[in-house]
Protein chains: 2
Amino acid sequence: MTSVENDRRHSRDDVARTALRLLDENGLPDLTMRNIANALEVRPSALYWHFRNKQSLLAAVSGLILAPMADVGTEGLAARASLELLGGRLRDCLLAYRDAAELVSSSLALGLVEPPIVGRPGGGAPADLWRAAATAVMHFVVGYAFHEQQRLAADSLGLLADADGADPGAAAGDRSPADEFSEALTMIAMGFDAAVAQRAVL
Amino acid sequence: MTSVENDRRHSRDDVARTALRLLDENGLPDLTMRNIANALEVRPSALYWHFRNKQSLLAAVSGLILAPMADVGTEGLAARASLELLGGRLRDCLLAYRDAAELVSSSLALGLVEPPIVGRPGGGAPADLWRAAATAVMHFVVGYAFHEQQRLAADSLGLLADADGADPGAAAGDRSPADEFSEALTMIAMGFDAAVAQRAVL
DNA sequence: ACCTGAACACCGTTCAAGT
DNA sequence: ACCTGAACACCGTTCAAGT
């Protein structure tokens with residue numbers, strides 16, 4: 001009954017969802033308060049009734065991007081398997097929308113969004129080790145996806161390393177990004193297992 | 001003989017070094033082309049003779065921040081020890097200037113600066129494993145330092161988790177950030193070792 | 001409760017022209 | 001080689017006022 005676009009008045013959630021759509025369509029640099037307001041057929045100042053400032057609006061968008069993480073079930077899994085599953089799903093969430101990794105990266109750094117993975121049950125592992133592993137996985141996945149997504153954007157613009165810029169990844173051989181990603185993710189998970197085993201001995 | 005500040009004409013390097021000083025003094029949000037130009041006693045448009053745009057100027061600043069990485073000697077070290085040493089030194093570089101982690105994070109994602117660590121000799125380990133480990137360490141360290149540095153900035157402004165924002169790190173117990181950092185770093189390094197050992201068996 | 005109108009104090013970038 | 005002057009096309013945010 002209630003269409004998101006046709007009503008003249010909006011909710012906080014409408015604003016965030018419209019912003020997410022604009023992010024995916026036009027990218028983060030074009031996600032301005034003025035463009036969001038235009039899409040909602042509203043003046044920019046109206047957005048400040050719903051959100052304190054742009055950063056908290058972006059934090060709400062980050063929350064939408066990370067929402068599917070709540071549906072990842074890890075019951076019955078060993079801690080290491082949870083780590084790999086959650087890391088993979090986090091990457092999926094970030095690659096699902098244009099520039100999502102960059103946006104989530106800054107919302108996480110600002111502490112404006114709940115960090116994924118680390119709040120999960122660690123399957124009985126020592127809390128500090130689980131915490132360290134979850135943090136390592138989160139930062140790795142976000143950073144990797146950020147880099148990955150920028151390469152996609154650059155490639156789609158047809159500009160490939162002109163002149164004095166560095167050219168990372170070109171000498172990576174024939175491995176796909178997904179392969180390198182999961183190899184690194186598995187390594188962190190193995191390190192977690194090794195740390196747990198070492199702790200058990202002491 | 002040649003002072004950086006007093007001469008009327010500047011080099012590309014002068015500009016980058018002045019920008020780094022301003023970054024450290026005032027933070028990334030205030031690092032505008034206009035402020036950089038003011039510090040050099042020059043009009044903003046003059047900066048565009050030295051740099052194609054703001055992003056490439058920021059990439060040069062990132063290069064200065066990461067420069068000490070070149071002096072880290074890893075000859076004679078095992079691959080795992082190199083990984084831990086390089087990760088620790090990378091953190092030192094990023095924490096040495098205000099907001100450096102955020103700046104380097106985006107320059108790395110944009111591929112405008114040479115990624116640290118990954119270009120180093122891997123001590124005879126399989127190239128793909130070394131590459132995955134170096135990438136994991138880099139993204140973890142940058143992401144962790146980014147988060148750490150934002151907390152420092154927030155704390156120095158006296159605003160501690162007001163209202164609906166998340167509050168990460170508060171339940172971490174009595175472990176310092178440096179402890180959690182090196183625990184996670186060690187875990188990645190152990191995972192690298194485990195992956196190498198497993199590869200050797202197959 | 002939700003939005004408009006109007007203003008404030010800024011941005012990055014281009015480019016002809018100067019020396 | 002290095003910079004100025006002037007302009008263009010934008011930003012985020014505030015706040016009194018409307019309905």
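All of these numbers come straight from a predicted model, not from anything done at the bench. We name chains A, B, ... by the order of the sequence lines, and we start the count at 1 in each one.
The nearest heavy atom of DNA chain C to A:Trp49 and to B:Tyr48 marks one nucleotide each, and the one closer to the 5' end goes with A:Trp49. Closest-nucleotide positions on DNA chain C for B:Arg34 and A:Ser11 were compared, and the one nearer the 5' end corresponds to A:Ser11.
Whole-Å rounding puts the A:Glu41 CD to C:dC3 P distance at 12 Å. Here C:dC3 presents its P atom at 14 Å from CD1 of A:Ile36, a figure rounded to the nearest Å. Rounded to an integer number of Å, the gap from A:Lys54 NZ to D:dT14 P is 14 Å. The CZ atom of B:Arg12 sits 17 Å away from the C1' atom of D:dC3 (whole-angstrom rounding). As rounded to whole Å, 14 Å separates atom C1' of C:dG12 from atom CG of A:Asp30. In this entry the distance linking CE of B:Met33 with C1' of C:dT14 reads 12 Å, nearest Å. When rounded to the nearest whole Å, the span between CG of A:Leu47 and P of C:dA1 equals 19 Å. With rounding to whole Å, B:Leu40 atom CG is found 15 Å from D:dT4 atom C1'.
Remark: the separation of the C1' atoms in C:dC10 and D:dA9 is 13 Å, to the nearest Å. Rounded to the nearest Å, the gap between the C1' atom of D:dA7 and that of C:dC11 is 14 Å.
Here the shortest heavy-atom pairing between A:Asp24 and A:Arg98 reads OD1-N, 2.8 Å.
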**Message:** Evaluate B:Glu41 against B:Arg9 for salt bridge (Lys or Arg N to Asp or Glu O under 4.0 Å), listing each step before the verdict.
**Reply:** CA-CA 10 Å; B:Glu41 294 178 270; B:Arg9 295 177 120 74; over 6 Å; no

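Distances shown here put a side-chain N or O of B:His50 below 4.0 Å from the OP1 or OP2 atom of D:dC3.
Of the candidate nucleotides D:dT14, D:dC11, D:dT4, D:dT4 has the atom lying nearest to any side-chain atom of B:Ser45. For A:Val42, counting side-chain heavy atoms from C-beta on, the closest listed nucleotide (C:dG12, D:dC3, C:dC3) is C:dC3. Counting only heavy atoms from C-beta on, A:Arg9 has its side chain closest to C:dA1 among C:dA1, C:dT19, C:dG12. Ranking D:dT13, C:dG12, C:dC3 by closeness to the A:His10 side chain, first place goes to C:dC3. Checking D:dT13, C:dC11, D:dT4 against every side-chain atom of B:Asn35, the shortest atom distance belongs to C:dC11. The side chain of B:Arg43 has D:dT4 as its nearest neighbour among D:dG12, D:dT4, C:dT13.
Inter-residue side-chain proximity for A:Asp30 and A:Leu22 is flagged as unmet; no heavy-atom pair is nearer than 4.5 Å.
The structure places CD of A:Glu102 at 5.0 Å from CG of A:Leu28, a figure rounded to the nearest 0.5 Å. Separating the CZ atom in A:Phe181 from the NE2 atom in A:His147 is a distance of 14.5 Å, to the nearest 0.5 Å. Distance CG/B:Leu20 to CG/B:Leu58: 11.0 Å, rounded to 0.5 Å.
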Can you give me every donor-acceptor pair (side chain of residues 184-198 of chain B, partner residue at least two apart or in another chain, under 3.5 Å) with its distance?
| unit_1 | atom_1 | unit_2 | atom_2 | d |
| --- | --- | --- | --- | --- |
| B:Thr186 | OG1 | B:Glu84 | OE1 | 3.1 |
| B:Thr186 | OG1 | B:Ser182 | O | 2.8 |

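A side-chain hydrogen bond (donor to acceptor under 3.5 Å, both in side chains) with B:Tyr144 is found for one member of B:Arg91, B:His139, B:Glu180 and no other, namely B:Glu180.
Listed by first residue number, the stems of DNA chain D with at least three Watson-Crick or G-U pairs below 3.5 Å are C:4-8 with D:12-16, C:12-16 with D:4-8.
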